[in-house]
Amino acid sequence: MENEEKKEISRRDFMKITIGAIGGLIGLGFGIPAIAYVVSPALGKSQAQQWIQLGATSKIELGKPTLFKVTITRQTGWIVNQEELAVYVLSEDGRDYVAMSNVCTHLGCRIRWIAGQDQYVCPCHNGIFDKQGNVVSGPPPRPLDRYETKVENDQLFILGG
Amino acid sequence: MLTRFANWLDERIGWRPVWDAIFLRKMPKVNWFYTLGSATLFVAVNQAITGILLTIYYVPTPDHAYDSVQYITTQVTGGWLIRGLHHWGASVMVVLVVLHMLRVIFYGAYKYPREVTWLTGVVLLLLVIGFGFTGYLLPWDQKSYWATTVGTRIAGVVPWVGDWILRIMRGGEDLSAVTLARFFGAHVWVLPATLMLLVGIHLYLVIRNGISEIPKKEGGKQ
Ligand code: HEM
Ligand code: FES
């Protein structure tokens, strides 16, 4: 008799378990969508890549980084903005082009080509890059980012977004 | 393990008497109509959670409100669900609070010693309506714009002070960025803070006075 009673779940415990389970389900029902909702923009793919026209290749002086500035439209959240993209283009032979972002690979300041010094200089923490974009000194962890390029009808394009 | 922790905590903060007062209090024999208040509370919590989530993307200015709402419904994962829960929850809230009030009326539960519970209830009803009115403007689409134009004009027909009320609600002559911003402020700060305070008092009184019994039929056995 006593043993039998022990095996059975008491009414009180049954209610506790049921209420706990229903509460847990409701919690999950809110919790999972809530987390998805909050992190979703962070997981979204970055902007689709597209060919961006920089300008005429004739503007590029051989062996000297030339700065191109273009305005692109980007969509962030529900806002469509105009943004300026600045790209240094280097060509040694007029056939192969290296297009480098002017964003420092350390913490994102804008780097500048200093002709007299033959180097790119980042004003924020003294990052120095050589003409090819390789790190010479300072904190930047990797060379300047490069864009894929193509030339069509003497116009230079980069792949970006 | 869990009981040991519960005891450890109880010894230090004394949560058990509070828990017992809330969940193990004496109850008369009641029926399902007595759950309407708890149902309202449940939906109120739903409104709070989904409302907080909506503010993560919503922007209360005329140039962004509509687009940010569209962004929530069409771009954000689960955004349609969160907004839908908040949208439909708002209507459910009004329905439940009215049903709850009708139960209180029909069972005479507002009588001594529960008059103050009733009065806090009246304020809660007004708050719920206030939530609906201010929230309706926030999507800033044609429907909400004109509904608020009309709604504030209704307030404007109050004798003597009507024009004042209308101007204070709109924050000026017409519906504008000022209107949207103050409706937002009321909807997410003023009303929730007041609601929480009053729900707290309301529930304290419900517990302190106990739940009323179902009235007996006249002539029935005592
Ligand atoms: C946000 C809105 C409200 C919430 C969350 C809420 C919650 C509750 C809860 C949980 C109870 C316990 C008993 C029951 O559920 O029936 C209760 C009782 C009560 N409510 Fe409300 N209530 C709200 C609005 C109102 C309104 C609008 C009125 C009337 C004007 C009102 C008047 C009362 C009274 C008089 C009692 C005591 C009933 C009794 O002891 O039998 N409440 N409320
Ligand atoms: S950001 Fe360029 S060196 Fe730190």
Side-chain angles (χ1 to χ4, degrees), chain A residues 2-52 71-85 108 159-161, chain B residues 2-3 6 16 19-20 22-25 27 35 38-89 92 138-141 180:
Chain A
E2 265 202 330
N3 267 340
E4 251 178 28
E5 248 184 23
K6 267 195 186 136
K7 265 186 216 148
E8 272 173 43
I9 307 174
S10 71
R11 182 188 160 85
R12 197 187 198 104
D13 282 342
F14 174 75
M15 288 308 277
K16 266 192 193 165
I17 294 166
T18 316
I19 292 171
I22 294 174
L25 282 178
I26 294 174
L28 285 179
F30 277 95
I32 293 169
I35 291 170
Y37 173 88
V38 172
V39 302
S40 110
L43 300 183
K45 281 195 217 87
S46 46
Q47 309 277 317
Q49 300 271 302
Q50 63 193 38
W51 287 105
I52 301 164
T71 316
I72 55 167
T73 35
R74 298 187 98 207
Q75 170 137 15
T76 44
W78 56 91
I79 296 177
V80 180
N81 308 327
Q82 307 285 318
E83 260 175 47
E84 192 167 76
L85 201 65
L159 190 60
Chain B
L2 206 65
T3 12
R16 205 160 258 142
W19 176 275
D20 290 356
I22 296 174
F23 294 109
L24 302 180
R25 68 202 137 97
M27 288 277 237
T35 62
S38 307
T40 314
L41 187 62
F42 178 81
V43 181
V45 171
N46 170 70
Q47 296 305 93
I49 295 172
T50 54
I52 288 169
L53 288 171
L54 287 173
T55 63
I56 292 178
Y57 299 107
Y58 176 76
V59 176
T61 60
D63 48 355
H64 293 310
Y66 181 79
D67 288 339
S68 62
V69 170
Q70 291 307 307
Y71 178 76
I72 291 169
T73 11
T74 62
Q75 306 292 309
V76 180
T77 309
W80 60 273
L81 180 65
I82 303 295
R83 181 170 176 225
L85 281 170
H86 199 75
H87 178 99
W88 293 106
V92 173
L138 303 183
W140 202 249
D141 53 16
L180 182 55

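Below, read A as the first sequence line, B as the second, and so on, with proteins coming before strands; counting in each chain starts at 1.
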State which residues pass side-chain hydrogen bond (donor to acceptor under 3.5 Å, both in side chains) with B/R25; sequence neighbours excluded, sorted by chain then number.
-> none
Closest-packed option against chain A by number of heavy-atom pairs under 4.5 Å, given B/I82, B/I56, B/L85, B/L81 | B/I82
Taking donor and acceptor roles from the modelled atom types, list the N and O pairs under 3.5 Å across chain B and chain A.
unit_1: B/L53; atom_1: O; unit_2: A/Y37; atom_2: OH; d: 2.9
unit_1: B/Y57; atom_1: OH; unit_2: A/Y37; atom_2: O; d: 2.7
unit_1: B/Y57; atom_1: OH; unit_2: A/V38; atom_2: O; d: 3.4
unit_1: B/H64; atom_1: ND1; unit_2: A/W78; atom_2: NE1; d: 3.4
unit_1: B/T77; atom_1: N; unit_2: A/S40; atom_2: OG; d: 3.1

Which atoms of B/F23 come close to chain A, meaning under 4.5 Å heavy atom to heavy atom: side chain ones, backbone ones, both, or neither?
-> neither
Pick one of side chain, backbone, both or neither for B/I52, based on which atoms fall under 4.5 Å of a heavy atom in chain A.
-> neither
What pairs with B/V45 under side chain to side chain contact (heavy atoms under 4.5 Å, CB included), at least two apart in sequence or on another chain?
-> B/I49
Residues of residues 21-32 of chain A near chain B, each having a heavy atom less than 4.5 Å away | A/I26, A/F30
